[in-house]
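Notes follow the structure.
Positions are given from 1 along the sequence. Fair warning: this is a prediction, and the values are worked out from it, not measured in the lab. As the structure lists them, so they are numbered: ligands from 1, and atoms in each ligand from 1.
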Amino acid sequence: MNSDPSLTNPPRRGTFITLEGGEGAGKSTQVRYLVARLQARGIEAISTREPGGSPGAEILRDLLLSGMIKALGAKAEAILFAAARIDHIDHTIAPALAAGKWVVCDRFADSTRAYQGTLGGLDPGFLRALERVTVGDTRPDLTLILDLPPEIGLERAAERRGAGAPTDRFEGEDLAFHAALRKAYLAIAAAEPERCVVVDAAHSEAEVAQAIWDAISHRLLDADASAQGEALHGA
Ligand code: Z5A
């Protein structure tokens, strides 16, 4: 009998984590905390973002956030976000996961569901089909939805931007838009509780980082440790 599990088991895919939420919820801040904490544990982890995250997708990011695409409508916008996502998956996410790394991504397909889907009023069947051909098997293992009253998020984003600086395509939308966005994310979390964890983002950066770490420990690291234990016992 072969006692070396590496010769009998296929290589392990890495772990894919996405952070989602409205404007100024603290996603980029928490991506940095999380990757640093994973690396401190000796886990190989990369951070990335959407739209963008690969050279081709970064070109589309500039176009999408410039506001020039808005006039084409939500359907065209969703297709362009999807095109950027395909490049991002092919060149950044999939290779890292194949190498066994953790990938921590600032926004992913739930942003298309919330912004272009719910707020853009797109047909759910169209969105599901687009997501299927775009994402394929590269689905997140865990999605952290940072939940925050939009008034606080917009205030944080305005402070970061600085007085007088222009808003981007989505920052310029009104409060009702951002309130509807919050509801859309909570609906996604309620529909997929096995994948999504809602994190109260109204606390300090350190408290939010701890809540995220607790969710990861509970959902991924503990489960991973017991799976490895079972594999070793079964070997
Ligand atoms: N979009 C879409 O429509 N469809 C899609 O499929 C995808 C995206 C993928 C990308 O914008 C836009 O594209 C986005 C959705 C749309 N629309 N908007 N708006 P982006 O990448 O430029 O920005 P963003 O993703 O919206 O992130 P953000 O607004 O820049 O915020 P954030 O990443 O969530 O927050 P942050 O940068 O970490 O923090 C904001 C400020 O708050 C900063 O000064 C921090 O120091 C501060 N902060 C962070 N955490 C805290 C706490 N806990 N307390 C107090 N202050 C804090």
Verdict with reasoning, Ser54 to Thr92, per side-chain hydrogen bond (donor to acceptor under 3.5 Å, both in side chains) = CA-CA 6 Å; Ser54 60; Thr92 304; 4.8 Å; no
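- Under 4.0 Å is where a charged nitrogen must lie from a carboxylate oxygen, and between Glu20 and Arg113 no such pair does.
- Taking the ring axis of Phe108 as reference, the NZ or CZ atom of Arg85 stays within 45° of it and closer than 6.0 Å to the ring centre.
- By the 4.0 Å N-to-carboxylate-O rule, Arg13 lies close enough to Asp141 to be salt-bridged with it.
- Not counting sequence neighbours, Arg107 has no partner by the salt bridge (charged side-chain N to carboxylate O under 4.0 Å, His left out) test.
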Ligand 1: protein N/O within less than 3.5 Å of ligand N/O:
residue  : atom   : partner : partner atom : Å
ligand 1 : 3 (O)  : Gln116  : OE1          : 3.4
ligand 1 : 3 (O)  : Gln116  : NE2          : 2.9
ligand 1 : 4 (N)  : Gln116  : OE1          : 2.9
ligand 1 : 6 (O)  : Arg85   : NH2          : 3.0
ligand 1 : 6 (O)  : Thr112  : N            : 3.2
ligand 1 : 6 (O)  : Thr112  : OG1          : 2.5
ligand 1 : 18 (N) : Glu23   : OE1          : 3.3
ligand 1 : 19 (N) : Glu23   : OE1          : 2.5
ligand 1 : 21 (O) : Arg61   : NH1          : 3.3
ligand 1 : 21 (O) : Arg61   : NH2          : 3.1
ligand 1 : 22 (O) : Arg61   : NH2          : 3.0
ligand 1 : 25 (O) : Arg107  : NE           : 2.5
ligand 1 : 25 (O) : Arg107  : NH2          : 3.4
ligand 1 : 26 (O) : Glu23   : OE1          : 3.1
ligand 1 : 26 (O) : Arg107  : NH2          : 2.9
ligand 1 : 29 (O) : Glu23   : OE1          : 3.0
ligand 1 : 29 (O) : Glu23   : OE2          : 3.2
ligand 1 : 29 (O) : Gly24   : N            : 3.1
ligand 1 : 30 (O) : Arg160  : NH1          : 2.6
ligand 1 : 30 (O) : Arg160  : NH2          : 3.2
ligand 1 : 31 (O) : Gly24   : N            : 3.3
ligand 1 : 33 (O) : Ser28   : N            : 2.9
ligand 1 : 33 (O) : Ser28   : OG           : 2.6
ligand 1 : 34 (O) : Ala25   : N            : 3.1
ligand 1 : 34 (O) : Gly26   : N            : 2.9
ligand 1 : 34 (O) : Lys27   : N            : 2.9
ligand 1 : 34 (O) : Lys27   : NZ           : 2.6
ligand 1 : 35 (O) : Gly26   : N            : 3.2
ligand 1 : 37 (O) : Arg160  : NH1          : 2.8
ligand 1 : 38 (O) : Ser28   : N            : 3.4
ligand 1 : 38 (O) : Thr29   : N            : 2.8
ligand 1 : 38 (O) : Thr29   : OG1          : 2.5
ligand 1 : 53 (N) : His203  : O            : 2.9
ligand 1 : 53 (N) : Glu205  : N            : 3.3
ligand 1 : 54 (N) : Arg156  : NH2          : 3.3

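- In this structure, Glu131 and Arg139 have side chains that are in contact, with non-hydrogen atoms separated by less than 4.5 Å.
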